[in-house]
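These notes concern the structure reproduced below.
Naming: A, B, ... by sequence-line order, numbering from 1 per chain.
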Number of protein chains: 2
Amino acid sequence: MNAGPATGRPSTKERIVTAGAELFRRQGYTGTGLKQIVAAADAPFGSVYHFFPGGKEQLGAEVVRTSGAAYGRLFTAAMEAAPDPVTGVRDFFAGAARTLVETGYADACPIATLALEVASTNEPLRQATAEVFTGWITLGTAAFAAAGIGARPARELTIVLLAALEGAFVLARALRSTEPLEAAGESVAARASALLGSPDAGRG
Amino acid sequence: MNAGPATGRPSTKERIVTAGAELFRRQGYTGTGLKQIVAAADAPFGSVYHFFPGGKEQLGAEVVRTSGAAYGRLFTAAMEAAPDPVTGVRDFFAGAARTLVETGYADACPIATLALEVASTNEPLRQATAEVFTGWITLGTAAFAAAGIGARPARELTIVLLAALEGAFVLARALRSTEPLEAAGESVAARASALLGSPDAGRG
DNA sequence: GTCTATATCTCGATAGAC
DNA sequence: GTCTATCGAGATATAGAC
């Protein structure tokens with residue numbers, strides 16, 4: 001029932017979700033054990049099944065939803081802080097690159113590794129990742145539409161943005177280089193600029 | 001020593017690598033057991049350690065290299081079969097979408113799931129994936145350069161292509177939709193077309 | 001509710017018969 | 001070189017004391 005106080009140590013459940021999110025993101029779902037999660041969360045093993053009777057799968061679903069929503073807010077914040085959508089896109093990719101370098105190329109997309117692992121093996125978790133991606137598409141489409149791009153090209157631009165970002169993360173983590181993020185970010189910014197600069201294309 | 005005859009049943013080693021490639025691609029590296037691999041390959045368990053003394057990690061590295069090279073040849077073949085690079089890009093994305101649907105959204109990139117899993121957890125395998133991606137970048141850069149695009153924009157276009165493809169795979173498998181591949185493919189084709197259509201941009 | 005101990009299973013890896 | 005049996009470790013999950 002306790003949603004956690006505004007200050008002080010987070011609740012046991014919150015610590016488990018946070019630790020799970022970090023470990024799933026870096027090591028994947030099957031590559032992370034529940035024992036490792038409770039150790040990182042400084043929580044007793046039984047707490048996992050107390051808060052998540054559905055076990056690892058239920059914890060995974062909650063982690064996907066929680067970190068997916070947080071990452072969506074990060075995108076929205078970047079777009080709202082920027083003077084225009086093109087700058088917003090550039091800032092978002094630049095911020096992602098900065099985080100990647102600062103974490104030793106560990107922290108990229110919070111759910112991508114898990115998403116690929118479960119896509120063909122765990123239907124409930126696959127659905128959780130699909131809901132997060134769908135939410136991001138809705139979010140981005142709304143942001144670009146608010147900037148004057150038509151609904152259909154705004155959706156297509158968002159999907160291209162997400163694909164370029166996710167793929168750049170794959171390449172960047174493997175190559176240990178930010179070059180893919182820079183190239184992908186420029187590519188998406190250019191496309192956004194074209195859609196904003198030519199209202200006819202933006203309506204197409 | 002036996003490299004395998006031109007016809008007949010593939011060698012035990014070949015069957016293990018093939019089965020490993022399919023399972024790692026669909027379920028990931030940590031999510032696939034050696035016992036599952038030898039069962040799929042119809043091989044005895046001990047054969048894994050006979051052919052791969054380094055165990056699972058050595059098998060993983062060989063799978064990454066083998067399937068990475070095969071996928072590179074697939075890209076080259078698509079580009080060579082097409083009348084121009086823009087058509088080649090469209091055909092390649094369309095073929096990827098077709099394969100994805102035919103396999104129930106299982107077979108996308110042969111190494112992406114493993115690449116994300118090992119990027120922060122297994123340095124030898126991370127290097128193997130990096131070598132494959134580097135090889136693909138070299139391959140694509142050469143193909144676009146041969147079509148008349150300058151070396152630097154050809155490299156950037158290749159990286160954008162790979163990022164868009166990999167990210168579209170992530171979204172497509174999670175959403176069970178080919179929309180991301182279509183949007184990403186069109187986006188990359190448009191960029192390739194722009195670089196080919198304006199030699200000045202192509203030289204920049 | 002919190003936490004410990006344990007049951008059951010599967011993992012990667014090895015030893016050794018044939 | 002092929003194949004089986006088994007090892008110890010670690011996985012998820014559960015039972016039950018406190």
Side-chain angles (χ1 to χ4, degrees), chain A residues 1-5 8-21 23-24 26-64 113-114 117-118 121-125 128, chain B residues 1-5 8-21 23-24 26-64 113-114 117-118 121-125 128:
Chain A
M1 242 7 131
N2 182 13
R9 195 191 202 200
S11 71
T12 301
K13 182 176 180 180
E14 286 169 336
R15 296 202 310 279
I16 290 174
V17 171
T18 302
L23 290 167
F24 287 157
R26 298 184 174 200
Q27 310 179 343
Y29 179 72
T30 54
T32 302
L34 292 179
K35 288 177 184 174
Q36 190 183 3
I37 292 175
V38 296
D42 192 25
F45 186 77
S47 293
V48 174
Y49 287 89
H50 175 69
F51 294 111
F52 306 96
K56 189 183 188 180
E57 186 175 290
Q58 187 183 348
L59 170 59
E62 175 129 345
V63 164
V64 166
T113 308
L114 184 148
E117 284 181 280
V118 305
T121 59
N122 187 313
E123 183 59 15
L125 285 180
Chain B
M1 254 346 146
N2 182 14
R9 195 190 201 203
S11 72
T12 301
K13 182 176 180 179
E14 285 169 338
R15 295 201 312 277
I16 290 174
V17 171
T18 301
L23 290 168
F24 287 157
R26 299 184 173 200
Q27 310 180 343
Y29 179 72
T30 54
T32 302
L34 291 179
K35 287 174 185 173
Q36 190 183 3
I37 293 175
V38 296
D42 191 26
F45 185 76
S47 292
V48 174
Y49 288 88
H50 175 69
F51 293 112
F52 305 97
K56 191 183 188 181
E57 187 174 289
Q58 187 183 348
L59 170 58
E62 175 130 345
V63 164
V64 165
T113 308
L114 183 149
E117 285 181 279
V118 304
T121 60
N122 188 315
E123 183 60 14
L125 284 181

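Taken from CG in B/L34 to CG in B/L23, the straight-line distance is 11.0 Å, to the nearest 0.5 Å. Atom CG in B/L114 sits 8.5 Å away from atom CG in B/N122 (nearest 0.5 Å). In this structure, A/E62 CD and A/E57 CD are separated by 13.5 Å, a value rounded to the nearest 0.5 Å.
For the pair B/K56 and B/Y49, the cation-pi criterion (under 6.0 Å, within 45° of the ring axis) is not fulfilled.
Using a 4.0 Å cut-off on heavy atoms, the residues of residues 26-36 of chain B that approach DNA chain C are B/T32, B/G33, B/L34, B/K35, listed by number. Heavy-atom distances under 4.0 Å link DNA chain C to B/F45, B/Y49, B/G55, B/K56 of residues 43-58 of chain B, given in residue order.
Taking every nucleotide of DNA chain C with any atom under 4.0 Å from a non-hydrogen atom of chain B, the first and last of them, 5' to 3', are C/dC11 to C/dT14.
Partners of B/R26 by side chain to side chain donor-acceptor pair (under 3.5 Å), not counting sequence neighbours, listed by chain and number: B/D107. In terms of the side chain to side chain donor-acceptor pair (under 3.5 Å) criterion, B/T18 has no residue partners (sequence neighbours excluded).
The stretch residues 32-46 of chain B participates, sequence neighbours left out, in these side chain to side chain donor-acceptor pair (under 3.5 Å) pairs: B/R9-B/D42, B/Q27-B/T32, B/Q27-B/Q36.
Of all heavy-atom pairs spanning B/V118 and B/Y29, the tightest one is CG1-CD2, 4.3 Å. Nearest heavy atoms, B/F24 versus B/V63: CD1-CG1, 3.9 Å.
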Trace of the side chain to side chain contact (heavy atoms under 4.5 Å, CB included) decision for B/I16 with B/S47
CA-CA 9 Å; B/I16 290 174; B/S47 292; 3.9 Å; yes
